Enquirer: 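Here it is, the structure, as structure tokens.
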Amino acid sequence: MLKHARRMKAHLKGDERILGDSDFVMQVLESAQEHPPGKHPHRVKARSVAAYLAVRRMGMDGTTVGKRMGVGQSTISRAVTRGEKLMAELEIFFP
């Protein structure tokens with residue numbers, strides 16, 4: 001089937017024997033583009049609040065927090081600011 005499709009100059013997205021038909025593959029690819037890697041809003045918010053609590057409330061160093069979260073110190077710095085705003089918006093108080 002695959003050789004026949006190539007001879008007919010048909011372009012398929014993936015091998016149907018493994019992934020299913022091209023429509024399915026296109027649907028999955030389109031879905032993946034809606035949420036590119038690293039762009040998950042809930043995770044970003046949770047990470048931001050965790051960074052804020054670790055740095056501002058627990059007194060941890062931003063570099064150390066960044067290493068534990070697998071991101072750089074500047075990312076943690078921005079996350080701390082974002083986390084502080086989120087906690088205020090959601091009226092979350094941490095003693």
Side-chain angles (χ1 to χ4, degrees):
M1 164 115 179
L2 193 57
K3 287 182 183 180
H4 177 68
R6 285 186 185 150
R7 276 190 235 125
M8 300 301 291
K9 303 224 187 251
H11 297 284
L12 301 174
K13 284 284 189 183
D15 186 340
E16 290 183 1
R17 297 170 296 178
I18 299 169
L19 299 174
D21 63 6
S22 289
D23 292 333
F24 170 75
V25 175
M26 290 303 296
Q27 183 182 12
V28 170
L29 290 173
E30 288 171 9
S31 175
Q33 289 175 353
E34 290 175 12
H35 296 287
K39 300 292 183 184
H40 301 280
H42 298 297
R43 289 182 189 173
V44 171
K45 289 178 181 178
R47 191 178 303 125
S48 297
V49 170
Y52 167 73
L53 293 173
V55 172
R56 294 276 172 86
R57 298 298 182 144
M58 296 174 64
M60 293 179 70
D61 180 63
T63 304
T64 303
V65 174
K67 285 180 182 176
R68 291 196 178 196
M69 290 189 177
V71 296
Q73 186 275 331
S74 62
T75 302
I76 291 298
S77 179
R78 289 189 305 272
V80 167
T81 302
R82 196 170 39 245
E84 185 174 22
K85 289 179 185 176
L86 280 167
M87 289 192 62
E89 287 173 12
L90 298 173
E91 298 179 353
I92 299 172
F93 301 103
F94 191 81

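Just so you know, these numbers come straight off a predicted model, no measurement behind them.
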Enquirer: Same hydrophobic cluster for M87 and L90, using side-chain heavy-atom links shorter than 4.5 Å among ILVMFWY?
Expert: yes
Enquirer: Nearest 0.5 Å please: distance from the OH atom of Y52 over to the CD1 atom of I76.
Expert: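 Going from the OH atom of Y52 to the CD1 atom of I76 covers 14.5 Å.
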Enquirer: Would you find more than 12 non-hydrogen atoms of other residues, nucleotides or ligands less than 6.0 Å from R68 atom CZ?
Expert: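 Check fails, neighbour count at 12 or below.
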Enquirer: Of all heavy-atom pairs between A54 and V65, which one has the smallest distance, and what is that distance?
Expert: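 Nearest heavy atoms, A54 then V65: CB-CG2, 3.8 Å.
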Enquirer: Roughly how far, to the nearest 0.5 Å, is CD of E89 from CD of E84?
Expert: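 One gets 11.5 Å once the value is rounded to the nearest 0.5 Å.
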Enquirer: With a 4.5 Å cut-off on side-chain heavy atoms, are K67 and T64 touching?
Expert: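 No, side chains not in contact.
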Enquirer: Any non-hydrogen side-chain atom of R82 less than 4.5 Å from a side-chain atom of V49?
Expert: no
Enquirer: What's the spacing between T81 OG1 and L86 CG if we round to 0.5 Å?
Expert: 11.0 Å
Enquirer: Considering all heavy atoms of both residues, which atom of M69 and which atom of A51 are nearest to each other, and what is their separation?
Expert: CE-N, 3.8 Å
Enquirer: I'd like to know if the side chain of S48 and the backbone of V44 have a donor-acceptor N/O pair within less than 3.5 Å.
Expert: yes
